[in-house]
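Lettering follows sequence order; numbering is per chain, from 1.
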Protein chains: 2
Amino acid sequence: MSKADPEATPREFLPHDHAHCVSDAMAAAESLCAESGARLTPVRRRVLEILLEGHRPMGAYDVLSRLDAEGLGSKPPVAYRALGFLVDQGLAHRIERLNAFIACPHPSGQDHVAAFLICRDCGTVAEVPSAPPPLPAGFQVEQTTIEAVGLCTACADGPAT
Amino acid sequence: MSKADPEATPREFLPHDHAHCVSDAMAAAESLCAESGARLTPVRRRVLEILLEGHRPMGAYDVLSRLDAEGLGSKPPVAYRALGFLVDQGLAHRIERLNAFIACPHPSGQDHVAAFLICRDCGTVAEVPSAPPPLPAGFQVEQTTIEAVGLCTACADGPAT
DNA sequence: CTTGAAGTGTTACTTTGTATCATGTACGGA
DNA sequence: TCCGTACATGATACAAAGTAACACTTCAAG
Ligand SMILES: [Zn+2]
Ligand SMILES: [Zn+2]
Ligand SMILES: [Zn+2]
Ligand SMILES: [Zn+2]
């Protein structure tokens, strides 16, 4: 497994073998849950798959309508609970700016600090590793949200040719 | 006017002369709007005052109920429009984690990068100056959101004695 | 004064998120 | 094996947050 280069353009903004990217993340999720004892139930697993397949942020109700179509649940709490579980386990993240959720491309079990790059044109979101920003001593940080809105390389270069 | 020391405990977490802090910010807002030609109308001015007086994040509907009580408007769009104006002018900020708004304590006209420290115990929020975090080159950042949740000094020290 | 742009009032919705209680299901100990 | 407990799901019924659209008013520039 190669370490991510924090300088490089994130994979999300480039063409890539997405099926592979989904199966890798699912495998990682399975083994993390097995290890921690967390129960990756059918609904939860399917929600994670839906997020991974979408490969973009999805609202809770978007996820829910997928679940509903598949007979896995039709009421909001079903989706919110599964998403809450995934976020708690570090398998997905909530994008505050979008009221949406996205699968973590490199779940690690730890509660890693990440920054999200949100392209306002194509809607793609990339997760990049990040350090907690320097903050005044004295405030005891427990969780940090970093979200940047802007234009990805593709959208900045060729604005709808 | 003294420059903020990025290391010091933010004013918001300490006792301070709040009336003064309100009048300063209002004066700054007035002159910024005069300068830029933006129209600080009665509703907008009052919303800014409400935010400043509250000195804590307020939901749009919290603000709205204040406006309503004063006969300045009772329908959601009134509040959202005024808040939108203030955010556009850099006189207030939206706290994504809280779906809430807070007045900027040091409005500068420019669209400054700030981090928000959110105490999960007492609900106080401090705005501290911050640099945009290091991100991969290639993504054209236009706006950055940085929000940290945790415990302020007071709440970390004396947990509800 | 006219006129157009910006601001406000209001209706009627949409979207997002939860509290609560009932029901089901896995799993370890008696 | 049977039981109890903990956790997960199902379902109802709301609460909270946000917006589209349209009519009307205000205000400043020409
Ligand atoms: Zn992929
Ligand atoms: Zn893009
Ligand atoms: Zn500010
Ligand atoms: Zn506190």
Could you tell me how far apart [X] ([atom1]) and [N] ([atom2]) are, to the nearest whole angstrom?
X	N	atom1	atom2	answer
A/I95	C/dT15	CD1	P	21 Å
A/E70	D/dG10	CD	C1'	18 Å
B/D62	D/dA15	CG	P	16 Å
A/F101	C/dT15	CZ	P	17 Å
B/L83	C/dT8	CG	P	12 Å
B/D88	C/dG7	CG	C1'	14 Å
B/L98	C/dT16	CG	P	19 Å
A/Y61	C/dC13	OH	C1'	15 Å

Residue [X], side-chain heavy atoms: nucleotide from [options] that is nearest:
X	options	result
B/R39	C/dG17, C/dT10, D/dC27	D/dC27
B/T41	D/dA8, C/dG17, C/dG7	C/dG7
A/Y80	D/dA17, D/dT12, C/dG17	C/dG17
B/P76	C/dT18, C/dT8, D/dG18	D/dG18
A/K75	C/dT10, C/dT18, D/dT12	D/dT12
B/P77	C/dT11, C/dG9, C/dG17	C/dT11

Q. Any chain of hydrophobic side-chain contacts (each under 4.5 Å) joining A/V149 to A/I146?
A.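 Looking at the clustering, A/I146 is in a separate group from A/V149.
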(Q) Grouping I, L, V, M, F, W and Y whenever their side-chain heavy atoms are under 4.5 Å apart, do A/L83 and A/L40 come out in a common cluster? (A)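 Looking at the clustering, A/L40 is in the same group as A/L83.
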Q. Are B/R45 and B/E30 close enough for a salt bridge, meaning some N to O gap below 4.0 Å?
A.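 Salt bridge: yes.
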Q) Does the pair A/H18 and A/H16 meet the rule for a ring pair (Phe, Tyr, Trp, His ring centres under 6.0 Å), with working shown? A) CA-CA 6 Å; A/H18 188 50; A/H16 63 278; 5.4 Å; yes
Q | B/H112 side chain near B/H106 side chain, heavy-atom distance below 4.5 Å | A |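 Contact flag for B/H112/B/H106 side chains = yes.
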Q: State whether the distance check finds a donor on one side and an acceptor on the other, under 3.5 Å, for side chain B/R81 versus base D/dG18.
A: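 There is none.
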Q: Check whether any side-chain N or O of A/N99 sits under 4.0 Å from OP1 or OP2 of C/dG17, and answer yes or no.
A: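 So the side-chain polar atoms of A/N99 do come within 4.0 Å of the phosphate oxygens OP1 or OP2 of C/dG17, strictly under.
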Q: Quick one: label A/L72 by what it contacts on the DNA or RNA (base, sugar-phosphate, nothing), any heavy atom closer than 4.0 Å.
A: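 Sugar-phosphate only.
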Q) Starting at the 5' end of DNA chain D, which residue's closest nucleotide do you reach first, A/S74 or A/A38? A)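 Residue closer to the 5' terminus by nearest nucleotide: A/A38.
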